[in-house]
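Note: hydrogens, waters and symmetry copies are ignored here, and every other heavy atom, side chains too, is used. What you are looking at is a predicted structure, and each value in this text was computed from that prediction instead of being measured.
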Amino acid sequence: MAGMDMLTPTEQRELQGRMERKQMKDFMNMYSNLVQRCFTDCVTDFSSKSLLGKEEGCVMRCVDKFLKSSERLGERFQEQNAAMAQQGSMPGR
């Protein structure tokens with residue numbers, strides 16, 4: 001990818017906008033997956049509008065585990081990118 005300084009101000013704004021839209025889409029996909037997974041795994045009793053205590057505890061543990069695993073995955077991805085950059089094997093180099 002060309003350095004940001006090689007782009008015109010208009011191109012920089014367009015690239016920034018695209019990156020922000022992609023980040024928002026990625027976040028919404030992650031949030032949707034989180035809600036679907038934790039709802040499916042934890043909510044079993046539909047006789048009440050509110051969550052039962054055990055369901056609420058399950059949801060809290062599920063969300064915590066999901067977010068921690070996503071955070072760890074992001075860290076590993078950054079570590080891999082740093083290692084590839086040090087070896088000079090980044091795509092496009």
Side-chain angles (χ1 to χ4, degrees):
M1 184 172 139
M4 288 288 280
D5 55 343
M6 297 176 72
L7 301 174
T8 67
T10 302
E11 289 170 331
Q12 288 180 16
R13 283 192 300 276
E14 169 140 353
L15 180 61
Q16 186 68 31
R18 284 184 183 184
M19 290 169 62
E20 288 170 2
R21 286 190 297 275
K22 183 181 182 329
Q23 286 176 334
M24 179 55 76
K25 184 178 178 184
D26 290 346
F27 172 79
M28 294 307 292
N29 283 336
M30 185 189 83
Y31 180 76
S32 177
N33 289 338
L34 168 67
V35 169
Q36 184 174 358
R37 167 176 273 168
C38 294
F39 181 88
T40 300
D41 288 353
C42 297
V43 179
T44 56
D45 185 350
F46 295 94
S47 63
S48 169
K49 287 183 181 180
S50 58
L51 290 174
L52 300 176
K54 65 180 181 176
E55 291 174 332
E56 190 169 350
C58 177
V59 168
M60 297 303 280
R61 287 188 301 277
C62 179
V63 168
D64 188 53
K65 184 182 270 190
F66 188 93
L67 293 177
K68 283 182 178 167
S69 64
S70 295
E71 181 181 341
R72 183 65 188 131
L73 187 63
E75 289 171 2
R76 290 291 297 143
F77 184 72
Q78 288 178 342
E79 290 167 8
Q80 289 292 99
N81 276 350
M84 287 191 325
Q86 280 185 334
Q87 295 167 4
S89 61
M90 283 293 282
R93 283 193 179 208

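- No donor-acceptor pair closer than 3.5 Å links the side chain of Ser32 to the backbone N or O of Met28.
- Cluster annotation: Val59 and Met30 are assigned to the same hydrophobic cluster (Ile/Leu/Val/Met/Phe/Trp/Tyr, side-chain heavy-atom contacts under 4.5 Å, transitive).
- Partners of Thr10 according to the side chain to side chain contact (heavy atoms under 4.5 Å, CB included) rule, which considers only residues two or more places apart in sequence or in another chain, are Thr8, Arg13.
- To the nearest 0.5 Å, atom CD of residue Gln36 and atom CG of residue Asp41 are 10.0 Å apart.
- With respect to Glu71 and Lys68, no salt bridge is recorded, no charged nitrogen being found less than 4.0 Å from a carboxylate O.
- Environment of CZ in Arg72: crowded, with over 12 heavy atoms of neighbouring residues, nucleotides or ligands closer than 6.0 Å.
- Grouped with Tyr31 in one hydrophobic cluster are Val35, the linkage being side-chain heavy-atom contacts under 4.5 Å among Ile, Leu, Val, Met, Phe, Trp and Tyr residues.
- Between Cys42 and Cys58, the gamma sulfurs sit within a distance below 2.5 angstrom.
- A continuous path of hydrophobic side-chain contacts links Leu51 to Phe46 [ILVMFWY only; heavy atoms under 4.5 Å].
- Applying the side chain to side chain donor-acceptor pair (under 3.5 Å) test to pairs two or more places apart or on separate chains, those with a residue in residues 48-61 are Ser48-Ser50.
- The CD atom of Gln86 lies 11.5 Å from the CG atom of Asn81; values are rounded to the nearest 0.5 Å.
- Checked by atom type, the side-chain pair Gln16/Gln12 shows no donor-acceptor distance below 3.5 Å.
- The main-chain N or O of Arg37 is never found under 3.5 Å from a side-chain atom of Thr40 such that the two would form a donor-acceptor pair.
- Hydrophobic clustering places Leu7 together with Met19 (ILVMFWY residues linked when any side-chain heavy atoms are closer than 4.5 Å, directly or through intermediates).
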